[in-house]
Student: 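The structure that follows is given in the form of structure tokens.
One-based numbering, in listed order, for ligands and for the atoms of each. Note: hydrogens, waters and symmetry copies are ignored here, and every other heavy atom, side chains too, is used. Residue numbers start at 1 and run along the sequence shown.
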Amino acid sequence: MKPRDRLRVAMQKSGRLTEPALELLRRCGLSFRQSRDKLFCFGESEPVDLLLVRDDDIPGLIAQGVCDVGIVGRNVLDEFRLTAGVEQAPLAELRALGFGRCRLSIAVPQESAYREPAQLAGLRIATSYPGLLGAWLRERGIEAGVVTLAGSVEIAPKLGTADLICDLVQSGATLVANQLREADVLLDSEAVLAGPAELPGDERGDLLALLLKRLDGVIQVRESRLLLLQAPRCAVEAVTRLLPGGPQPTLLPVAGQPEQLLLQALCAGEVSWRQLEEIKKAGARDMFVLPVEKMLT
Ligand code: PRT
Ligand code: ZN
């Protein structure tokens, strides 16, 4: 294949991952001019272009070198890795992106007495993920029938084409509507940046390194909160012990109150009401949890 000096990113054309993926790329400072057929978007701010395709095609397009990286569900990437032929270039999960979260789960009819995987022996399981399900069954030494369906997996037990299913679950509403219950989780999934196991050695490698660095910054900021509070000197140690993650807090004096300190802490992740209540019990007051807009350390 001809060397390329622009990075090509594949993403879902229209579906659950489309909007959050575009938003993430925008936050990384990428902007695009949409072409008329909307399959290819030319990158304006950086030499990074978009290819808009069905999510199932993304791993194959990367493996064939048509695209350099792609934003796709871990469920789709892992299924491809398990079912792709040995002639396909190996793919890697370069980053977890924190949206499109769901689980690939075994679900059984509500009245089923299912307790453990061994009970699946001899049953028929409908799924769109034969690779992931097959590997999970093999690991446990279970021999069950795998019925591969492209869609509408959840109605298979009612139709009698399978005894139970293995499908994606998010809220669980689809399972309830079909009188099924989630029984076992095979995979926790979210959108990931998929790419070749080995980064390209040309300009695209540098562009990918730049994209990864910006992604890391965006993800870190998105998951960070700035916690501000006041506490008496004697309570600072106890308060600090309760802070959720992040580096050591900064302590500042409060004018006119020598025994009081202002504490500023960067927290990795959400700070819950319960955590705030605990911190307050330890002696803190005037607590503020602020989102972080940008960060350069
Ligand atoms: O056209 P194209 O092939 O690109 O789209 P698609 O229909 O295959 O994909 P899409 O947009 O439905 O999903 C894209 C990706 O989003 C998936 O590969 C997952 O990584 C992720 N994702 C997150 C989900 C869900 N949540 C989800 N709930 N994908 C599918 N579902 C379906 C699930 O299959 C089931 O039918 O929603 C139903 C369950 O949802 P709850 O909320 O009722 O449990
Ligand atoms: Zn799809």
Student: Any side-chain donor paired with an acceptor under 3.5 Å for E182 and S105?
Tutor: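 Result is yes, a qualifying pair exists.
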Student: For atom CZ of R124, is the number of surrounding heavy atoms from other residues, nucleotides or ligands below 6.0 Å larger than 12?
Tutor: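 More than 12 within 6.0 Å, yes.
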Student: Any side-chain heavy-atom pair from V72 and F80 closer than 4.5 angstrom?
Tutor: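 Heavy-atom side-chain distance check fails, nothing below 4.5 Å.
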Student: To make sure I understand the geometry: which N, O or S atom in D56 is closest to the Zn ion (ligand 2)?
Tutor: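 Looking at D56, the N, O or S atom with the least distance to the Zn ion (ligand 2) is OD1.
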Student: Quick check for you: to the nearest 0.5 Å, what is the distance between E270 atom CD and Q275 atom CD?
Tutor: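 These two atoms lie 9.0 Å from each other.
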Student: I'd like the contact residues of ligand 1, where contact means a heavy atom below 4.0 Å.
Tutor: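 Lining ligand 1 at under 4.0 Å, by heavy atoms, one finds Q12, G15, R16, L17, R54, D55, D56, G73, N75, V76, G100, R101, C102, D167, L168, V169, Q170, S171, G172, A173, T174.
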Student: CG/L175 to CD/Q170 distance, rounded to the nearest 0.5 angstrom?
Tutor: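 Rounded to the nearest 0.5 Å, the CG-CD separation comes to 11.5 Å.
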Student: Relative to the Zn ion (ligand 2), which of the N, O or S atoms in D55 is the closest?
Tutor: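 Looking at D55, the N, O or S atom with the least distance to the Zn ion (ligand 2) is OD1.
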Student: Please check this pair: side chain of E46 against backbone of L30, looking for a donor-acceptor N/O pair closer than 3.5 Å.
Tutor: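 No; judged by distance alone, with no hydrogens or angles, the pair does not exist.
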Student: Do L52 and T18 have side chains that approach each other closer than 4.5 Å (heavy atoms only, starting at C-beta)?
Tutor: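 When only atoms from C-beta onward are counted, T18 and L52 do not touch, as no gap falls below 4.5 Å.
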